[in-house]
Amino acid sequence: MTRTLVVIGHGMVGHRLVEDLRARDEADAWRVEILAEESRPAYDRVALSSYLDGKSAEALGLAGPGFLDDPMVRLRLDCGAASIDRVSRTVTATDGTELSYDALVLATGSRPFVPPVPGHDLDGCHVYRTLDDLDGIREAAVEGAPGVVIGGGLLGLEAANALRLLGMRPHVVEMAPRLMPLQVDGGGGRVLAGLVGELGLALHCGTATDSIVAGPDGRVAEVRLGDGNTVETNLVVFSAGVRPRDELAEPAGLARADRGGVLVDDRCRTSDERIWAVGECAAVEGRCYGLVAPGYGMAEVVVRQLLDLGGEAFPGADMSTKLKLLGVDVAAFGDAHGATEGALEVVYANNAAGTYAKLVLSDDARLLLGGVLVGDASAYATLRPLVGRELPAPPERLLLPAGTGLGAGALPADAIVCSCNNVSKEDITGAITGAALSDVAGVKACTKAGTSCGSCVPMLKTLLGECGVAASHALCEHFGQSRSELFEIIRVTGIATFSELIGRHGRGLGCDLCKPVVASILASLGRGHILDGEQAGLQDTNDRFLANMQRNGTYSVVPRVPGGEITPDKLIVLGEVARDFELYTKITGGQRIDLFGARVEQLPLIWRRLVDAGFESGHAYGKALRTVKSCVGTDWCRYGVQDSVAMAIRLELRYRGLRAPHKLKSGVSGCARECAEARSKDFGVIATERGWNLYVGGNGGFTPRHAELLAADLDDDGLIRLIDRFLMFYVRTADRLQRTAAWIESLDGGLEHVRDVVVEDSLGIAAELETAMEQHVDGYADEWAGVLADPAKLSRFVSFVNAPDAPDPTISFVAERGQPRPGPVTLPMPSIRAARPDSEEVPA
Amino acid sequence: MTTWLPICPWTALAPAYGVPALLAAEPVAVFRTHDDELYAVGNVDPFCGAGVMSRGIVGDRGGEPTVASPMLKQVFSLRTGECLDDPAARLPTFQVRRHDEMVEIAVP
Ligand SMILES: Cc1cc2nc3c(=O)[nH]c(=O)nc-3n(C[C@H](O)[C@H](O)[C@H](O)COP(=O)(O)OP(=O)(O)OC[C@H]3O[C@@H](n4cnc5c(N)ncnc54)[C@H](O)[C@@H]3O)c2cc1C
Ligand code: SF4
Ligand code: FES
């Protein structure tokens, strides 16, 4: 029998609870109804501030498509719970819906506390809790103007930093005599104040907010402080603590804790045994926890009860915190204030370097009880798991700056390395060796460690190293070398085939990892057409058919349209080809026209017409230069200061066909208004009054990044010289599938190093890089023209080698918005049918 | 008695390469490995339902001859059809031989 679980609140903990339940409820014993007051599914509130630093709301989302499409879960957004009727076991939602439950979980989180100072509700007063709050703050922010944050705790400093990111000049008002009074002691507070001050934050410690005063327009105009000072501002953010959202409890007759919060026992049960409370709204045996890790622990405790998995009680929680305020590290863990009877303190303060570290030890100086780190919290990952344990080394060694101190080897096996997800050192090392993990991403996927706040990621790296895997750059089981090493081998030896390379420098037969890499290197070095002889079998399917394979096995066709400039005649040809072959047509983000749905056997017919009309391959299929986007520039735009279109075309024609470790995109804007979005590209060019600014390393894929300035005010030839060098340096040294952004990050010295090599020629290879690019440019030939001219290559473009014109029965299309899109694929069973299908439909 | 259906000339199949063929209504992928062994498996990727296996990259994993699906890259044994990344999935296999300069598949 399926029972119904109603969850009120879709925040971090409510989501974790449902996700966890669904992962373990194999018998589908529970159907879940979630009421969510916010307009978005759960998101990573811990990383909320990164939303103002460029991260999108989608990227912060916690619920994957698998979760949202789960038929056993129903999530109602914009729909809060208004009341609970325990007798009829129903919840009434704000939209009037009534939901019956067999079990109910309150996961309503907390609300920011706004002290009742006069003027606290004026227009211009904000809180800092939800994405909507941040949208409000962003809208209200005025660059260059002061903003006031009330509260100098962890969140207050985060809010202040957010204002700084929005270009404001933040003031922080804190009643206590120092910042972060809950986490940091006097000595740490002083170092912290110094560091924060350097960031341009104005501090007002030891003073209350007297009142917030409106201007003539009724909006906030100034904040008056208890010490007589006044800050003129239109924006106030309250960050003075939180209060549990327990408002549903009282009317429903559920007990609340003395200091607020829904009172629950150590199994998170309220006074009604069918109702649980988890996360920030819950007071476990009277105590509320304001962090996500304890909430996750509570969620697990409840899931175990719902599924009768045998319940352990909620063990209490580690209240350690680490904050990174643009380069200023602060961390506190365990008994940071030395509240334990007889506790001893060991302090290491270095005012010159702006660091402060304190360890709290037991009275016999043997056990680590807690500590505070300011300015350099790199020891946090090692020290936090050691709380409550014997010190593995003398305390002064533990306090030494990072690198010289203690490694992960000092950690006992059962020490918790990731406190957000409760993962121990042995869980991690076990997974690394057991599942042969080779990188942090693998450890994250396998153990969940490092997937929340991220502060344990450095430790994950160390543990990988200790298990002996981090050092390996091996491409795959066939080559012990990295991509850049293979590049050098091929370049220097002149080897031109995969079989010779693997025979001399590898083992086995190769695979889908190393073969395309070698194919790409051979192509970068201009060793023949990519479909010549043996090379054809090395290519990923995209390169093999010079088109992008789509989800139903058909391909898309994307001719080059340099700089996005196209004649009406050519547009008409594209339209005609699309119409004649019934292709779906879409304009891409990179100013190209993409024709979808071509079958393998149609590709040569389509390209024959395109090549005849003057088109050439756009390399949309390759790990190669894709597009150089351009704005309108001086020709048409009244703001343009340089001819961005001509430059974009010049760049695109120069680098077309260049094979690289990952696909490459570029853009050229004709003035600082940046209409071509050049800074979101691998290399972007923005015109200035004096020439061109060159930016590199934008995009970044999963983790979007803006490109950074490599060199300014270049003339045309200077610009091209630097791009030549930059691209060739990247092509030679980057890893397989490493985008420019990740490549730059991976280099010792990062962008500075790139600048040294590319601009200053510190390695003395600039001329060589330029020559290599010159060779690429001279050797360029259109790949599609090459195929059309070669019957042997053409003969591979068949649906079936023994029935070249029989359509593939797995392909079908349906119409949508007047165009074809892939139809449903039904898996043809491995049985033999009598006749050849003659319709294009998939057999049902 | 096994009936053998000629698929293509031996020379039409390059080493470490695959071609699609149609057997009655069944799409089959035929591969020739570097040492001139022939293998034939179903052409339809069981993970996505598209007929693309013949376009995958031929190689080996720990010595076992393999093909990787070009769609989502799962690797299959050419000998047994078994998916080495997910034991729940497998491709049907077919008998295939070289006969008189032709590649032939057994029609069951
Ligand atoms: C800026 C910021 C930074 C933070 N940094 C950290 C950090 O570094 N480390 C850390 O551990 N924690 C941090 N936290 C705290 C952490 O976000 C919370 O502990 C965690 O989100 C609690 O999860 P929860 O599900 O209990 O509450 P929430 O995530 O707040 O979710 C509660 C949800 O319930 C909804 N709700 C409330 N009432 C109702 C109702 N009646 N009907 C329907 N829905 C309702 C709310 O709208 C909300 O969406 C931070 C918080 C903020 C705001
Ligand atoms: S970037 Fe400048 S030149 Fe180009 S279209 Fe925009 S405003 Fe005009
Ligand atoms: S400690 Fe937060 S993610 Fe591991």
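Atoms considered below: every heavy atom in the structure, side chains included; atoms not considered: hydrogens, waters and symmetry mates. What you are looking at is a predicted structure, and each value in this text was computed from that prediction instead of being measured. Below, read A as the first sequence line, B as the second, and so on, with proteins coming before strands; counting in each chain starts at 1.
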Which bit of B:Ala21 is near chain A, if near means a heavy-atom gap under 4.5 Å: side chain, backbone, both or neither?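 The answer is both parts of B:Ala21.
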
Sort B:Ser54 into side chain, backbone, both or neither according to what part of it lies under 4.5 angstrom from a heavy atom of chain A.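 Backbone only.
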
So, taking the atom named [atom1] in [X] and the one named [atom2] in [Y], what distance separates them when rounded to the nearest 0.5 Å?
{"X": "B:Asp60", "Y": "A:Cys511", "atom1": "CG", "atom2": "SG", "result": "8.0 Å"}
{"X": "B:Ile7", "Y": "A:Phe800", "atom1": "CD1", "atom2": "CZ", "result": "10.5 Å"}
{"X": "B:Ile57", "Y": "A:Leu513", "atom1": "CD1", "atom2": "CG", "result": "9.0 Å"}
{"X": "A:Asp512", "Y": "B:Thr66", "atom1": "CG", "atom2": "OG1", "result": "7.5 Å"}

Which residue pairs pass the ring-ring contact (aromatic ring centres under 6.0 Å, His included) test with at least one member in residues 534-557 of chain A, sequence neighbours excluded?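 Only A:Phe545-A:Tyr555, A:Phe545-A:Phe797 qualify under ring-ring contact (aromatic ring centres under 6.0 Å, His included).
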
Checking the side chain of A:Asn802 only, and the main-chain atoms of B:Leu22 only, is there a donor and an acceptor separated by less than 3.5 Å?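 At least one qualifying donor-acceptor pair exists.
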
Any donor-acceptor N/O pair, A:Glu477 side chain to B:Arg61 backbone, under 3.5 Å: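 Pair absent, no side-chain N/O of A:Glu477 close to backbone of B:Arg61.
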
Could you pull out the closest heavy-atom pair between [X] and [Y], with the gap in Å?
{"X": "A:Pro809", "Y": "B:Pro27", "value": "CG-CG, 4.1 Å"}
{"X": "B:Cys8", "Y": "A:Val801", "value": "CB-CG2, 3.7 Å"}
{"X": "A:Thr541", "Y": "B:Arg55", "value": "OG1-CB, 3.6 Å"}
{"X": "A:Arg551", "Y": "B:Met71", "value": "O-CE, 3.2 Å"}
{"X": "A:Gly537", "Y": "B:Tyr17", "value": "CA-CD1, 3.6 Å"}

Does any backbone or side-chain atom of [X] lie under 4.5 Å from a heavy atom of chain B? Answer side chain, backbone, both or neither.
{"X": "A:Ser799", "value": "backbone"}
{"X": "A:Gln539", "value": "backbone"}
{"X": "A:Leu538", "value": "backbone"}
{"X": "A:Ala792", "value": "neither"}
{"X": "A:Arg796", "value": "side chain"}

Any chance CD of A:Glu26 has more than 12 other-residue heavy atoms, nucleotides or ligands included, within less than 6.0 Å?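 No, the 6.0 Å shell around CD holds no more than 12 heavy atoms from other groups.
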
Is it the case that atom CD in A:Glu500 sees more than 12 heavy atoms from other parts of the structure closer than 6.0 Å?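 Enclosed: over 12 neighbouring heavy atoms sit under 6.0 Å from CD of A:Glu500.
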
Which residues, numbered in order, of residues 73-88 of chain B come under 4.5 angstrom of chain A by heavy-atom distance?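 Residues in range: B:Lys73, B:Val75.
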
Contact winner vs chain B - A:Gln550, A:Met549, A:Arg544, heavy-atom pairs under 4.5 Å: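 Answer, by heavy-atom pair count under 4.5 Å with chain B: A:Arg544.
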
Of the listed residues (B:Ala12, B:Gly42, B:Pro15, B:Pro70), which shares the most heavy-atom pairs with chain A below a 4.5 Å separation?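 It is B:Pro70.
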
